[in-house]
Student: 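Handing you a structure now.
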Amino acid sequence: MRDQLRVLKHSAIASWAEFTAFYTWKTWTFTWLSRLLIQVCFYALIGRMIGSVDYLLVGNAVAIMAIDACVVILLAIGERRSGTLSLMVAAPSTHLTIYLGRGLIHLVSGVVASVTAFLVLPPLFGVHLPWPQALLVPVLITAVGLSCYCYGACVASFVLGFPAARWLALNISYLTLMTFCGVNVPTDFWPDWVRRVVSFLPMTHGLTAMRALIANGPASTVVTQVVLELLVGAAWFALAAVGFNRMVRRGRRDGSIEFGA
Amino acid sequence: MRAFLAGVRIQFWLIRRQPDDLLTLCTIPFTAVIMLSVVIHAIRPDLVTNALLAPALIGLWGFSIGLAGEVIESERWVGTLNPSLAAPTEMHSVYFGRIMAVMGLGVIPLGETWLLG
Amino acid sequence: MGVRVIDLTRSFRKGKGWRPKGPEVTALDGLTLEIPDGEVHGLLGPNGAGKTTLCKILSTILLPSSGTAEVLGYDVVADAHEVRRRIGIVFGGEHGLYWKLSARQNLRYWAALYKLTDAEGDHRASELLARLGLTAKADDLVETFSRGMKQRLHLARGLIGDPKLILFDEPTIGMDPVAAHDFRRLIGELREEGRTILITTHDMDEAEEVCDRVTLIDKGRVIATESPRGLAQMSSLHRWVEAETTADVTHLPGVVAVESRAGFVRIKTDGDASARRVIDFLLDNGVRSVRAVPPTLEDVYLDLIGARGMEV
């Protein structure tokens with residue numbers, strides 16, 4: 001366990017170093033963060049047009065988190081490109097731990113973006129967040145982020161074998177969450193079977209918790225839904241572990257893990 | 001004219017090899033479903049047309065800005081910009097062809113959302 | 001035993017996608033090889049002979065189709081995890097590093113992956129950086145490194161887990177002569193430390209200089225395993241005479257070929273008697289500098305595997 005944590009720590013440190021070599025806080029703010037905030041504003045404006053600005057604003061402010069969390073899907077190609085995938089497989093550590101560590105920075109980036117959206121945008125659209133419950137918003141966002149991240153890692157484990165499909169996989173993964181998990185319309189808008197599927201996706205329960213929190217709903221609802229969200233995340237984590245083992249087994253069998261790039 | 005057609009052709013070839021460029025085509029239905037669900041849920045039938053038109057327009061912008069903007073940049077990246085500038089044909093018509101091919105593809109989203117509607 | 005490979009076969013199906021449908025290609029064809037502990041072993045052969053395939057199987061990133069391979073007594077399929085703790089991998093070229101990290105960050109990252117504690121990792125990283133002459137650039141981003149420096153760092157990375165067996169796949173590709181010389185010295189040091197080393201290479205001089213034994217492989221099969229010198233003697237090969245002269249010896253009996261360059265000739269003869277005849281002839285003609293030499297590894301290689309020109 002301590003070994004695993006150390007691997008997680010060092011791959012997170014490495015990804016932080018790579019991230020900061022690529023972005024400065026200025027470029028991150030003006031290219032990435034602003035792109036996410038504008039997306040939230042776009043949907044919030046639609047909300048204003050139909051008279052439910054708070055519903056769409058809250059939903060989309062949480063949803064942008066999913067984009068960052070799902071970026072973990074793209075990391076696979078990076079390992080292949082830098083020729084480190086074979087070395088990673090040949091190292092005596094759990095591959096999923098390494099991979100999760102390397103994407104952790106995007107999870108952090110997503111949490112920061114989402115929290116920023118909650119800080120900056122509600123006043124602009126005249127939406128009121130209850131005080132002091134609003135202090136729990138970052139906690140809920142982190143819970144949603146974690147489960148989205150595990151979901152992304154699971155998709156990543158399947159995409160590792162098909163690097164050409166990575167962008168497609170990324171977009172479909174987060175758009176599925178954005179469309180069906182209660183971001184823009186409540187989940188009971190959808191047919192029963194969709195709703196059943198959606199309850200196994202990340203974000204659904206986390207968003208329910210968030211809306212309950214903001215609407216001054218019962219604390220029990222908030223807690224139950226957060227726990228459910230984390231359970232969903234754990235399930236996706238288990239699936240990701242299976243997926244990674246399967247990917248490595250397949251790569252070893254068919255020889256698709258190359259020395260070099 | 002021949003250069004123009006060559007441009008159109010090469011752009012289609014490239015797109016077939018790199019399905020990632022067609023990403024927008026796959027994201028449009030999601031955007032359309034989101035918008036439709038929002039206006040239907042709000043019981044605003046008057047906005048359905050807008051909900052369908054918006055994703056199509058987003059698709060068109062996505063295509064033209066993303067791809068057309070990248071045609072020359074990616075050419076430089078692969079290192080074929082210099083040789084093609086040095087080629088005996090006027091490059092303008094080739095690029096015009098390639099960009100038109102991209103814009104042509106950009107019309108597909110319109111059809112897509114029309115089908116959804 | 002450092003490496004024991006018995007009747008190892010690996011075939012691939014060509015083509016792309018989930019289930020490639022192309023023809024089956026055999027990369028390793030019943031290969032058997034034993035490398036004792038502490039030996040520096042060279043793997044020679046043309047492109048596509050199966051050298052890299054063998055390295056990939058030994059490093060547990062590829063499964064054999066049949067046969068067994070053991071590294072330090074552990075099976076590469078059943079005990080892959082034990083194998084991974086004990087091997088280091090170095091391949092040539094500039095890949096296998098994170099370019100947006102510094103040299104030290106790269107090493108510390110891999111140290112964690114090789115289960116070193118933070119303190120051990122720090123210590124080992126500094127030690128290896130010093131050993132490979134990278135201390136001054138330790139905190140610079142790898143992308144600013146020259147090719148040679150990247151290769152040295154890659155070497156340090158391969159040594160981070162204190163491996164008992166090191167697999168070098170074409171390590172000197174693209175190295176400049178000074179770097180290649182340093183590399184050979186390093187191999188000597190690693191041997192002194194009792195590590196087992198397997199090197200695949202195209203460079204015959206390198207193999208001759210650093211390897212205790214070499215194995216020639218072609219089409220996935222072993223052709224011969226011997227010490228470089230033993231290989232030369234074992235083969236019923238021609239004896240060479242080298243001399244500083246411009247005299248014409250092509251008419252002498254037993255002379256098979258003559259290569260001359262800038263007043264220096266290498267004469268290929270068909271045996272000791274013919275070599276003696278050539279030497280006598282040259283001495284009679286007043287040539288001072290003349291000597292008989294056994295065939296080089298390159299000669300043996302060309303003789304056994306055949307000159308294939310540009311074929312791969």
Side-chain angles (χ1 to χ4, degrees), chain A residues 1-23 75 78-95 97-99 101-102 105 158 161-165 245 247-261, chain C residues 10-13 16-20 27 52-53 55-63 65 77 80-102 105-106 108-118 121 141 143 154 157-158 160-161 167 169-170:
Chain A
M1 189 64 197
R2 278 186 60 186
D3 278 350
Q4 300 284 351
L5 285 177
R6 194 172 325 108
V7 169
L8 198 64
K9 178 178 120 190
H10 278 276
S11 46
I13 293 175
S15 74
W16 167 253
E18 282 186 311
F19 191 79
T20 48
F22 185 72
Y23 277 123
L75 300 180
E79 298 291 335
R80 264 190 206 280
R81 237 181 230 157
S82 58
T84 42
L85 185 65
S86 56
L87 299 172
M88 185 171 124
V89 170
S93 286
T94 317
H95 313 119
T97 318
I98 308 173
Y99 199 82
R102 293 197 57 77
I105 182 68
F158 289 90
F162 304 95
N245 277 334
M247 182 285 293
V248 170
R249 264 211 313 279
R250 176 171 173 263
R252 289 175 71 195
R253 212 171 41 234
D254 69 9
S256 60
I257 304 173
E258 291 290 342
F259 276 161
Chain C
R10 171 73 215 200
S11 45
F12 293 94
R13 211 165 261 291
K16 287 190 157 185
W18 190 251
R19 301 234 183 281
T52 297
T53 305
C55 278
K56 283 165 84 174
I57 290 179
L58 292 179
S59 58
T60 78
I61 62 169
L62 184 66
L63 295 174
S65 302
V77 180
H81 194 73
E82 295 299 326
V83 172
R84 286 172 185 162
R85 307 173 74 105
R86 291 169 173 79
I87 58 168
I89 302 163
V90 178
F91 41 73
E94 303 176 338
H95 293 292
L97 300 166
Y98 297 105
W99 287 26
K100 291 280 180 195
L101 298 185
S102 73
Q105 283 168 333
N106 264 286
R108 292 202 46 190
Y109 168 71
W110 288 104
L113 263 55
Y114 277 84
K115 314 230 162 179
L116 272 64
T117 64
D118 285 0
L141 292 193
E143 64 182 356
H154 195 7
R157 195 213 67 85
I160 196 89
L167 301 164
D169 191 33
E170 309 275 356

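Just so it is clear: chains get the letters A, B, ... in the order the sequence lines come, proteins before strands, and each one is counted from 1. No hydrogens, no waters, no symmetry mates; every other heavy atom, side chains included, goes into these values.
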Student: Measure the shortest side-chain to side-chain distance between C:T53 and C:F12 over non-hydrogen atoms and say whether it is less than 4.5 angstrom.
Tutor: yes
Student: Please name all residues satisfying side chain to side chain contact (heavy atoms under 4.5 Å, CB included) with A:S15, sequence neighbours left out, ordered by chain then number.
Tutor: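 Scan of A:S15 (side chain to side chain contact (heavy atoms under 4.5 Å, CB included), adjacent residues dropped) gives A:I105.
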Student: Is chain A contacted by the side chain of C:R10, its backbone, both, or neither, given a heavy-atom distance below 4.5 Å?
Tutor: side chain
Student: Where on C:A111 is there a heavy atom nearer than 4.5 Å to chain A: the side chain, the backbone, both, or neither?
Tutor: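 Answer is neither: C:A111 stays 4.5 Å or more from chain A.
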Student: So which of C:L113, C:T60, C:D118 has the biggest tally of heavy-atom pairs under 4.5 Å with chain A?
Tutor: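 Ranked by heavy-atom pairs under 4.5 Å with chain A, first place is C:L113.
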Student: Side chains of C:D169 and C:K56: does their closest heavy-atom pair fall under 4.5 Å?
Tutor: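 They are not in contact (no side-chain heavy atoms under 4.5 Å apart), so the answer is no.
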Student: With a 4.5 angstrom heavy-atom cut-off, is it the side chain or the backbone of A:I257 that approaches chain C, or both, or neither?
Tutor: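 Answer is both: backbone and side chain atoms of A:I257 are under 4.5 Å from chain C.
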Student: Name the member of C:R86, C:E143, C:H81, C:E82 that forms the most heavy-atom pairs with chain A at distances under 4.5 Å.
Tutor: C:H81
Student: Is C:R157 positioned over the aromatic face of C:Y109, cation under 6.0 angstrom from the ring centre and no more than 45 degrees off axis?
Tutor: no
Student: Report yes if the side chains of C:H154 and C:F91 come closer than 4.5 Å at any heavy-atom pair, otherwise no.
Tutor: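 Yes. Closest side-chain heavy atoms under 4.5 Å.
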Student: Just wondering, do A:R253 and A:R250 contact through their side chains at under 4.5 Å, heavy atoms?
Tutor: yes
Student: Counting only heavy atoms closer than 4.5 Å, note whether C:N106 contacts chain A via side chain, backbone, both or neither.
Tutor: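 No part of it gets close to chain A.
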Student: Could you check whether any side-chain heavy atom of C:L141 comes within less than 4.5 Å of a side-chain heavy atom of C:W99, counting everything from C-beta outward?
Tutor: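 Answer no - side chains too far apart.
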Student: With only heavy atoms counted, which part of C:L116 is less than 4.5 Å from chain A, the side chain, the backbone, both or neither?
Tutor: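 When you check distances to chain A, only backbone atoms of C:L116 fall under 4.5 Å.
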Student: Top residue by heavy-atom pair count (under 4.5 Å) with chain A, among C:I87, C:L62, C:T52?
Tutor: C:L62
Student: What option among A:A21, A:S11, A:G255, A:A91 has the most heavy-atom pairs under 4.5 Å with chain C?
Tutor: A:A91
